[in-house]
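These numbers come from the heavy atoms of this one structure, side chains and all, not from hydrogens, waters or symmetry mates. The shown structure was predicted, so the numbers you read here are calculated from the model rather than taken from an experiment.
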Amino acid sequence: MELFNNHKKLFLSALSLFIILTLIMAIMPALYNQEYNAILPNAAPPSDDAIKGKEVYIANGCVACHTQQVRNVDMDNVWGDRPSIAADYAANKRADLWRNTATLMGTERTGPDLTNIGKRQPSLMWHLLHLYQPRATVQKSIMPAYPWLFEEKKSIGKNDIEIILSDNFNNRTKRKIVATKEALQLVAYLQSLKQTELPDGSPTNSFLYKKIENKKPKELVDTSMPDGESLYANNCMSCHQANGEGLKGAFPPLKNSPVVLGDNLELFVTIIMQGYDPRPEYATMNAVGTDNNLTAEEVTAIINHERTSWGNNAKKVTIEQVKDIIEKLKLIPKK
């Protein structure tokens, strides 16, 4: 009982216990993380605009609905190429002295996970349209619009980036809708969210899930080709829509498209691999093939899916035809 009757000993005992617990529970784990966790060697540093865009992301509360963590479970294999690892967050720092919003991992998926959104959807125009009016890109989206990130002008300036809306979403004004600096910075941040590939020779963690058996009869399953429908959903559907009809004033339709149904396969492959900007009434298409490292087999599967869906009834192409065009034009995917 002497300890409790001597205030000096009691204070020193409590202080010693506090220091020991702090060392064990806070300082030692931090030193361990600092020693053994590092940025992946091929990780690209964010641009200045992306860093400022992260602040816009925080200011607008995007983390309330979006996560940035690909868990090692079946339902997460659509959000990234692999489950997230500690090294993916090693470069994140405190926002400032008072805010520890470094990782923005989030806790809810009211909206889709954004870990790999820069790869899944690299299009600048798509992101701007989605921010101004989410229903213009995803019909059933419940995401709120962010019109304060845009300006309405009578005329377009030299450096202005205008977003083109269909009449359904632009009937209240005939003015030009232009992205502000903050909107462009936010999109730069979103485009920077890409999972870094593991170094050569390092195994990629696989997802823990039970594979679902294909219900089609074995004789009807083409095991020699990738799933064109799935590849279309992951690489094309966000702009051209599930029904292939695109979005008026934003993204062209693939249904009854002369490019999709035509005989100029070289043009078709080039569009997928290098992007396209032929018509001012539509947004510029990014280089989906090179950005997403699509193989000749995957490009072929996408082309054949588009040529035989939504009422399209064109002849399928072969892997050899697509591969020859890619090699001829040296349309090599990014590494």
Side-chain angles (χ1 to χ4, degrees), residues 43-44 46-47 49-96 99-150 163 179-196 205 207 209 233-239 241-242 247 250 286 291-292:
S47 65
D49 281 341
I51 293 173
K52 293 177 181 177
K54 183 177 180 179
E55 296 178 3
V56 179
Y57 183 93
I58 294 169
N60 284 276
C62 303
V63 72
C65 296
H66 295 284
T67 55
Q68 292 182 32
Q69 48 176 308
V70 181
R71 301 166 300 180
N72 194 15
V73 293
D74 178 29
M75 67 179 68
D76 282 16
N77 64 8
V78 298
W79 305 129
D81 299 324
R82 57 170 174 78
S84 297
I85 57 178
D88 293 330
Y89 308 101
N92 293 328
K93 308 297 182 183
R94 296 182 68 93
D96 53 43
R99 295 181 298 168
N100 185 22
T101 51
T103 63
L104 299 175
M105 293 176 70
T107 58
E108 292 190 23
R109 284 185 179 155
T110 306
D113 185 88
L114 300 180
T115 299
N116 215 27
I117 188 63
K119 182 177 180 180
R120 295 201 314 266
Q121 185 47 267
S123 170
L124 168 65
M125 188 55 64
W126 186 92
H127 282 292
L128 292 176
L129 277 169
H130 190 242
L131 287 171
Y132 183 79
Q133 176 47 264
R135 263 65 63 191
T137 56
V138 182
Q139 186 177 5
K140 296 183 179 180
S141 174
I142 61 172
M143 173 176 158
Y146 292 82
W148 53 87
L149 294 176
F150 299 83
I163 62 170
T180 64
K181 185 177 181 180
E182 289 76 15
L184 295 174
Q185 289 171 343
L186 176 54
V187 173
Y189 171 66
L190 295 173
Q191 290 176 317
S192 74
L193 297 179
K194 300 177 183 179
Q195 280 190 316
T196 302
N205 295 343
F207 290 95
Y209 65 96
N234 292 335
N235 296 279
C236 317
M237 190 171 72
S238 58
C239 291
Q241 304 299 294
L247 292 169
N286 57 288
D291 289 344
N292 296 348

Legend entry - Separation between OG of S192 and NZ of K119, rounded to the nearest 0.5 Å: 15.0 Å

Inset, instruction - Supply the atom-to-atom distance L190 CG to L131 CG, rounded to the nearest 0.5 angstrom. - result: 7.0 Å

Legend entry - Interatomic distance, K93 atom NZ to I51 atom CD1 [nearest 0.5 angstrom]: 12.0 Å

Legend entry - Check: R82 main-chain N/O paired with Q195 side-chain donor or acceptor under 3.5 Å: yes

Inset, instruction - Rounded to the nearest 0.5 Å, what's the gap from CD on E55 to CG on L186? Could you check? - result: 12.0 Å

Inset, instruction - Of all the heavy-atom pairs spanning Q68 and L114, show the shortest one and how long it is. - result: CG-CB, 4.2 Å

Inset, instruction - Could you tell me whether D113 and R120 make a salt bridge, using a distance below 4.0 angstrom between a side-chain N and a carboxylate O? - result: no

Inset, instruction - Mind jotting down which residue pairs meet the ring-ring contact (aromatic ring centres under 6.0 Å, His included) criterion with at least one end in residues 50-92? Sequence neighbours excluded, please. - result: Y57-Y189

Inset, instruction - Determine yes or no for a side-chain-to-main-chain donor-acceptor pair under 3.5 angstrom, with T180 supplying the side chain and L149 the backbone. - result: yes

Inset, instruction - Check whether any side-chain heavy atom of L124 lies under 4.5 Å from a side-chain heavy atom of L184, and answer yes or no. - result: yes

Inset, instruction - For S84 and T115, work out which heavy atoms get closest and say how close. - result: OG-CG2, 4.3 Å

Inset, instruction - Measure across A50 and A188 and return the closest heavy-atom pair with its distance rounded to 0.1 Å. - result: CB-O, 3.9 Å

Legend entry - Where N72 and P83 come nearest, the two heavy atoms and their spacing: OD1-CG, 3.3 Å

Inset, instruction - Please name the pair of heavy atoms, one in A64 and one in E108, separated by the smallest distance, quoted to 0.1 Å. - result: O-CB, 3.9 Å

Legend entry - G106 to T67 - nearest heavy-atom pair and separation: C-CG2, 3.7 Å

Inset, instruction - State, yes or no, whether a side-chain contact exists between D76 and R109 at a heavy-atom distance under 4.5 Å. - result: yes

Legend entry - Donor-acceptor contact present, side-chain Q191 to main-chain I117, <3.5 Å: no

Legend entry - Validation row: M143, V138 side chains within 4.5 angstrom (heavy atoms): no

Inset, instruction - Take atom NZ of K52 as the centre, draw a 6.0 Å sphere, and report whether it contains more than 12 heavy atoms from other residues, nucleotides or ligands. - result: no

Legend entry - Validation row, ring centre F150 to ring centre W148 under 6.0 Å: no

Legend entry - Separation of Q133 CD from S141 OG (nearest 0.5 Å): 8.5 Å

Inset, instruction - Would you please test N60 and E182 for side-chain contact (heavy atoms from CB on, under 4.5 Å) and show each step? - result: CA-CA 11 Å; N60 284 276; E182 289 76 15; over 6 Å; no

Inset, instruction - Could you tell me how the ring of H130 sits relative to the ring of W126: parallel (under 30°), tilted (30 to 60°) or perpendicular (over 60°)? - result: parallel

Inset, instruction - Ignoring hydrogens and angles, tell me if any N or O in the side chain of Q69 forms a donor-acceptor pair with the backbone of R71 under 3.5 Å. - result: no

